[in-house]
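For reference, the structure is listed below as structure tokens.
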Amino acid sequence: MRVRFAPSPTGSLHVGGGRTALFNWLFAHGEARRQGKDGAFVLRIEDTDQKRFVQDATQGIFDALGWFGLTWDEGPDRGGPYGPYTQSERTTLYREHADRLIAQGQAYRCFCTPERLERVREEQRARKQPPGYDRHCRNLSATEVEENLTAGKSFVVRFATPLEGETRIVDLLRGEIVYQNENLEDLVLLKSDGFPTYHLANVVDDHLMAITHIMRGDEWISTAPLHVLLYGAFGWEVPALAHMPLILAPGGGKLSKRHGSTAMEEFRAQGYLPEALMNYLALLGWSFDGQTEIFSPEDLLEKFTLERVSPSPATFDYAKLRWFNAHYINHVLTLDDLAARVVPFLAAAGLVDSGASDPGHTDYPLVRDAAALLKDRLETLADAPDLMRSFLQDELEPYDPTLLVPKKLGVLETLDALVAVERVLDDGLDVADEVATEARLRGLAEELGLKAGQLFMPIRVAVTGRTQSPGLFETLRVTGTVRCRERIAAAIALLRDHGDETLTAD
RNA sequence: GCCCCCAUAGUCUAGCGGCCCAGGACGUCACCCUUUCAAGGUGAAGAUCGCGGGUUCGAAUCCCGCUGGGGGUACCA
């Protein structure tokens, strides 16, 4: 069984496209191969629209799919027995096929200008008729065609759609759908610039590339009968069709920038793990048993069946994606894996050297320790710089001194408490020993007549610059005795500097 | 306007005639844990299965209509 993913390089890969690619990949490398069949996933670039072509988009698609974890068996970059896999390199093929249809009388040259087409449509709209091509050139005589040709008029090639009867398509997810031919149009197969439209190129390539199953977005379902008619005109067998449900935006309609990220590369940049995105996207339209939620790529390969893909459109839920991502960070990734993945984000923030993902690097142990403390509150890898900063730099970012003063405690008491902590550190307390540190600080709280929390909060703020952090003692341990000592001293100085105003305000 | 698709809680879904006065997950709320915040644990609220007709002893499940949402209606894919 052979499937294909056929994006057009008009921009970055949309999550909808990413999911279509995923389902194709899961079908070929999972379902097909499990059945002992040959399962090939073909990547084809459909760059037939010269106006919308974007220079580096193809590379961007390769990168996005590669990051996502999909591998293709045949494609522009790796070749294969049915190449070339880029449509702009196959234009003679399409022209030959268009000519063949003209010779068979199943396609014709249309010399109508865009202006005329527009005028016709407007008149139809004015008369409240369905807009569409009026088939003006469908019955031009051979001599008329010759005249136009010798006059050098530009033309497109249109398919001569049957005027009556019906066309049936079988969608694997929906069953049979019947279309009345009278409602179908004479679609353009070849544009005046000699490039094919999607319809021609797609049908020709899918056949020539021996594609057995077409799994594509739902937006193609209404042109499917035209494609089936085309297969028929060529005398080819129609591949199995399955239209994947659309992904909708939270408020309804298409998912666009307005709602948040839409491109695969954006999710990557925002610190989403490919396996979390894959898990989430797989469950948007597919389910295994309605109970299981967590599926590794291997699980998906093992469990995916096209049969269990739902035909109804699904709304993209950013909150649930975040949950999956946090879950993978916290419960699925190993610490070493997480540390390595977090480094690019930390490096971009200037917190560590980009080589720190190497276990042999001097910064690595610190990153790993910090990751161990913070993994339960990282929703995305991009949260890492902010949350891990205090462990990775000597100097703390400036913070509001009033944070040091806990509720129900005065500035002077807080000052006393911090001075006491400083003394404890000077007496040789080693924060590397969490148990000893906790015992000593709890004891200190008692000596000072404070609740543990009242002592812990000023320390936490002094050491991290914020009121929220992992457990205090592990935080101190990873921060290190020297930095702790410096930061306590800095906090004391800070409180003294702001003492006057704070005291009078108190 | 015309053609087509879809329709279970705010969201993703299980369900394919009786096991369902509907199960799981996200989100929400509460409680527990607790040095803060998370994470985790427990629990709760939330769906007259879009509406109306049928078919059937029996329907979320089958049929029809309606409504709603979505897609297409390009020399874009």
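Computed over heavy atoms, backbone and side chain alike; hydrogens, waters and symmetry mates excluded. Quick caveat: nothing in here was measured; it's all calculated off a predicted structure.
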Of all the nucleotides listed ([options]), which has the minimum atom distance to the side chain of [X]?
X: Glu185(A); options: rC75(B), rG72(B), rA74(B); result: rA74(B)
X: Ile221(A); options: rC4(B), rU35(B), rC75(B); result: rC4(B)
X: Ala314(A); options: rG71(B), rC5(B), rU13(B); result: rU13(B)
X: Ala319(A); options: rC5(B), rC75(B), rC26(B); result: rC26(B)
X: Arg121(A); options: rC75(B), rA77(B), rA39(B); result: rC75(B)
X: Leu246(A); options: rA77(B), rG71(B), rG10(B); result: rG71(B)
X: Lys51(A); options: rG72(B), rC26(B), rC75(B); result: rC75(B)

Taking only N and O in the side chain of [X], is any of them less than 4.0 Å away from OP1 or OP2 of [N]?
X: Ser287(A); N: rA14(B); result: yes
X: Arg308(A); N: rG15(B); result: yes
X: His331(A); N: rG40(B); result: yes
X: Thr315(A); N: rC12(B); result: yes
X: Lys451(A); N: rU35(B); result: no
X: Lys375(A); N: rG40(B); result: no
X: Arg322(A); N: rC26(B); result: no
X: Arg174(A); N: rC6(B); result: no
X: Lys320(A); N: rU13(B); result: no
X: Thr48(A); N: rA77(B); result: yes

Does the gap between the ring centers of His227(A) and Tyr198(A) come in under 6.0 Å?
yes
Using the ring centroid of each side chain, check whether Phe295(A) and Trp286(A) are separated by less than 6.0 Å.
yes
Protein-nucleotide distance ([X], atom [atom1]; [N], atom [atom2]), rounded to Å:
X: Asp317(A); N: rG27(B); atom1: CG; atom2: C1'; answer: 7 Å
X: Leu173(A); N: rC16(B); atom1: CG; atom2: P; answer: 18 Å
X: Glu446(A); N: rU35(B); atom1: CD; atom2: C1'; answer: 15 Å
X: Gln124(A); N: rU73(B); atom1: CD; atom2: C1'; answer: 11 Å

How are the rings of Phe316(A) and Phe267(A) set to each other: parallel, tilted or perpendicular (split at 30° and 60°)?
tilted
Sugar-phosphate, base or nothing in reach of Ser8(A), heavy atoms under 4.0 Å
sugar-phosphate
What's Ala452(A) touching, base or sugar-phosphate or nothing? Going by heavy atoms closer than 4.0 Å.
nothing
Between Asp171(A) and His243(A), is there a side-chain donor-acceptor contact under 3.5 Å, judged purely by atom types and distance?
yes
Would Glu46(A) and Asn202(A) count as having a side-chain donor-acceptor pair, cut-off 3.5 Å?
yes
For the side chain of [X] and the base of [N], is some donor closer than 3.5 Å to an acceptor across the two?
X: Arg466(A); N: rU36(B); value: no
X: Arg52(A); N: rC76(B); value: yes
X: Ser192(A); N: rC75(B); value: yes

I'd like to know if the side chain of Arg483(A) and the backbone of Phe391(A) have a donor-acceptor N/O pair within less than 3.5 Å.
yes
